[in-house]
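Just so it is clear, the values below take in all heavy atoms, side chains as well, and ignore hydrogens, waters and symmetry mates. Chain letters run A, B, ... following the sequence lines, proteins first, then strands; residues in each count from 1.
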Amino acid sequence: MNNERASNFASVMIAVVTVLGAAMACLATVVGAQAGQMDFDGLTASIRGEEAVIVNNINAYEHKRAYTTYYRILSLANKLREEMDTATNEEYAGLLRQYNEITAIAGEMRHNFFSAGYLNNDNTYNVQRELNEAWADDQQTSDLNAEKYFAEAAGLRSKSLYLTGNLIVLSGAFFFFTLAEVIKNRWRILFFVFGFLALFLAVMVYLIVEVVS
Amino acid sequence: MNEQSERFRSFISIMIAVVTVLASITAFLQSYASTQNAESDGRAKALSIEATKKRLTGALQFSYDWQSAFGAWREADLQVTSAELAGDEPLAERYRAVREEMRSLSPLLQEPYFSGEPWTFPDTYKYEADLYLVEATRLSEQFAAESEVGNNWNRIANAFVIQLSLLAVTLSLFGLSSNMKGLTRGLFVTVGSGIVLFNIGWTGILLLLPMPQVNMPAIEAYAKGYGQKYQAYTDEGYQAAIELFNQAIAADPDYANAYYERGNTYYDLGDYNSAIADYETAREKGRNDANVRWNLGWTYYLVGRYDDAYAINQAQIADDPTLVGVRYNQALVLLARGDMDAAVAEYQEVLKEAERQVVEARNAGLEPSAGLWFYTDAAALDLQNLVDRLTGSDHSWIEAPPAESVLGDHDQVIQAALQQIKIIKEASVALEYYGRLPDTSPNAGTEFVFGHDTYDENGNFVSFDEYTTFTDSPSEVTVYFEYHGDPPQHQVLWKVFQNGVENRSLREEWEFEDIVDGSAWYKFIGYGYTNVFALPPAEYRVELYVDYRLIQTGTFIVK
């Protein structure tokens, strides 16, 4: 290959390296921007998740408050029942009226103010079951998993970093091809070799980054 | 040659200058787009937090209004009734005064939400809509719109970054071309010039394309429509919601959420074809999530478009096979389509999936989704509705396709449906209490007889009178039965359904140690523990489960 053709070839390789470098820089920037978007989506999911937890706790403990009233009244009703069993005729009517009144309130609590489905067999209230079921419901109907977004954002930022670092390898190729263009003696061949090696390394690094990500 | 070289060098210099100017303009536009993106993101974050705050404070306030304030009013209301029934008028009057005092505790207990009449409930839906729902919806929609604006600016900024990279390449090509000769030089100049022209065209397109906007009139109308739909329960209420959604769509013809919610409103009105049209439009406009597909699939089923229902359900199941509600609907579609074997197989698969979710959740110390129980019960109800439609037993609560649209032999469909109802109900009980699908078949049976006990003035039992229809506002109904079979080993459970839906407060687990073959029992259904309540008019179905198997059902009516 004569000197002129070698110089032209070196110029072409410089152009190729320039294009690849620009593409790499562009990709690094875009990936970095995507990481920012993932962070935003993760924050949104995080806020949604915390809101769901708080609302579920408000509802569950609202129901438990009603259950507390129910439990208090039930205890009183049981005491009245015991007294009614040994009451005189005169006492019985008054006790019965009280009993009817408070059991109506207990029944109302159970019917309209909390779900009887969360009462255990021993008449305790399973607030944890209510919370767990509500959370599982929310997970099915809304996107509450912030971690997946943050993990993806971290991955994208790493990718951006590696792509930017790969520019250093490409700049090495640029340097050697420039030397190959300028220098006209036998050293030119060595610089071509180093240039191609650096270019090959840069391409390999890019492929590895793409595959791993 | 020297003159030609000189002219070429001048041309290249001019082109390099042009590219430099273009690059500076592009850099400015990229910076502007990035700034707009950042500002939109900032507004979106603020709106998201504001919407969350609104919902949380609203939920907290409503919690007090309903539980504490209305709870106190309701307690006094029941005490008034109890005193009246006891004939103690002075006591009743005192409680009436207390009841009236309680109304000052909350706006929920005042007009326009509550009349204060005895034995009535406030319009909590209207209250919630006014208190926080409309505002929170408006903020959420604004957040979504700002996010979309921000995303668009982000895409534009990225496009300008790519353009800057291309212009850098162009500069390099022009620079290198000055050292070249012949074809290579020509190639570098042509490519470089081509990139410049491409960039100019692309920039023009980016600047001329319409930008998404935060359309406040559309959002306001949508939020009001959403609140109106939430509180509606009459045709007029639903129509008012539709009118508001119409306004939102007129302001923004691409408003996917507005089409979806208008579709839901048409569904509530029973106008299934309009609902389908809106769901399909919502999908075209970009809303293609599980909710849209689920509702569309169900509505297709209701109008007899089984192939369409099957296709859309299948698409959703492919995305998320854990949604048992959709899978139950798919099995129902197969049954209505006359694919009996496929329907039975699908029901089996769904129940296995339900079991998997229960086992997985409980092994982790958690609970499966509340929706799993709800949709399992709904699956049985949907099958019952189909049977009722095919047999002409129409109830006001039935949701089923027209009988003439159901394919295959109707008798076979009915038999298959009844069989599946039993399987699903048993699975629901076994999964809830046992954690697994039932694996035993108890040898047990019984017959129900409904009626009233009659007592004399001394409280002594006189007789048991049989009825299936009760007209005297009973506080409770008695079920008499004789048990035949092996003694229960794990559980005896009673469930009571009121107009198709279980009344959880009437569910009861029985002690079963004394239950043996041939023993006779009375079960009381209702509110006999107090004289204040009565069973409301409805159709009641009573179910008895022994060791997670449904061994008997019976129906009585209160008029």
Side-chain angles (χ1 to χ4, degrees), chain A residues 4 7-8 11-12 14-15 18-19 21-23 25-26 29-30 33 36-37 40 43-44 47-48 50-51 54-55 58-59 62-63 65-66 69 77 93 96-97 99-101 103-113 115-117 121 128-130 132-137 139-141 181, chain B residues 41 44-45 48-49 52 55-56 59-60 63 66-68 71 74-75 78-79 81-83 85-86 88 121 147 150-151 154 157-158 161-162 164-166 168-169 172-173 176 179-181 184 188 290-291 322-323 361 366-373 504-505 507 509 527 529-533:
Chain A
E4 192 174 321
S7 292
N8 281 347
S11 297
V12 169
I14 288 169
T18 305
V19 169
C26 174
T29 308
V30 168
Q37 186 57 43
F40 179 81
L43 180 63
T44 306
I47 290 173
R48 258 202 300 269
E50 293 308 312
E51 180 188 315
I54 294 170
V55 169
I58 289 173
N59 290 336
E62 167 191 313
H63 298 151
R65 207 153 21 119
T69 303
L96 179 63
R97 194 204 60 71
Y99 181 83
N100 283 334
E101 178 184 300
T103 50
I105 296 169
E108 179 69 7
M109 289 292 127
R110 190 181 152 118
H111 193 65
N112 281 322
F113 289 88
S115 170
N121 285 349
Q128 197 54 49
R129 180 180 165 185
E130 184 175 359
N132 288 345
E133 283 188 359
W135 175 247
D137 241 2
Q139 282 185 309
Q140 246 185 8
T141 54
E181 195 213 4
Chain B
D41 278 358
K45 281 175 194 161
S48 176
I49 290 167
T52 299
R55 256 192 286 275
L56 292 177
L60 265 168
S63 168
W66 172 253
Q67 281 289 354
S68 299
R74 184 69 178 135
E75 206 171 302
L78 290 168
Q79 285 167 326
T81 303
S82 183
L85 286 171
D88 191 340
F121 288 78
S147 297
N151 285 346
N154 190 41
N158 287 343
V161 165
I162 296 170
L164 281 171
S165 304
L166 290 174
V169 168
S172 169
L173 289 174
L176 288 169
N179 288 337
M180 304 219 154
K181 293 181 176 57
T184 316
F188 273 38
N291 289 328
T322 66
L323 286 179
L366 298 169
E367 284 293 329
S369 149
L372 185 137
W373 310 119
R504 285 301 296 259
S505 67
R507 186 190 279 203
E509 274 188 83
Y527 309 105
Y529 52 81
T530 178
N531 66 342
V532 174
F533 293 133

Proximity breakdown for A:Gln128 and chain B, heavy-atom pairs closer than 4.5 Å: neither
For a 4.5 angstrom cut-off between non-hydrogen side-chain atoms, does B:Tyr527 reach A:His111? yes
Can B:Ser82 and A:Asn100 be counted as having a side-chain donor-acceptor contact under 3.5 angstrom? no
So, do B:Phe533 and A:Glu108 sit near enough that their side-chain heavy atoms are less than 4.5 Å apart? yes
Keeping B:Ser165 on the side-chain end and A:Ala23 on the backbone end, is there a donor-acceptor pair under 3.5 Å? no
Can you say whether A:Phe40 sits under 4.5 Å from chain B via the side chain, the backbone, both, or neither, judging by heavy atoms? side chain
State, yes or no, whether a side-chain contact exists between A:Glu101 and B:Val532 at a heavy-atom distance under 4.5 Å. no
Heavy-atom proximity to chain A below 4.5 Å, by part of B:Leu56: both
Side chains of B:Trp373 and A:Glu133, donor plus acceptor under 3.5 Å: yes
Heavy-atom side-chain proximity of B:Phe121 to A:Asn112 below 4.5 angstrom: yes
Close side-chain approach of B:Asn154 to A:Gln37, heavy-atom, < 4.5 Å: yes
Any donor-acceptor N or O pair under 3.5 Å, side chains A:Arg48, B:Thr52: no
In terms of heavy-atom proximity below 4.5 Å to chain B, should A:Leu43 be classed as side chain, backbone, both, or neither? side chain
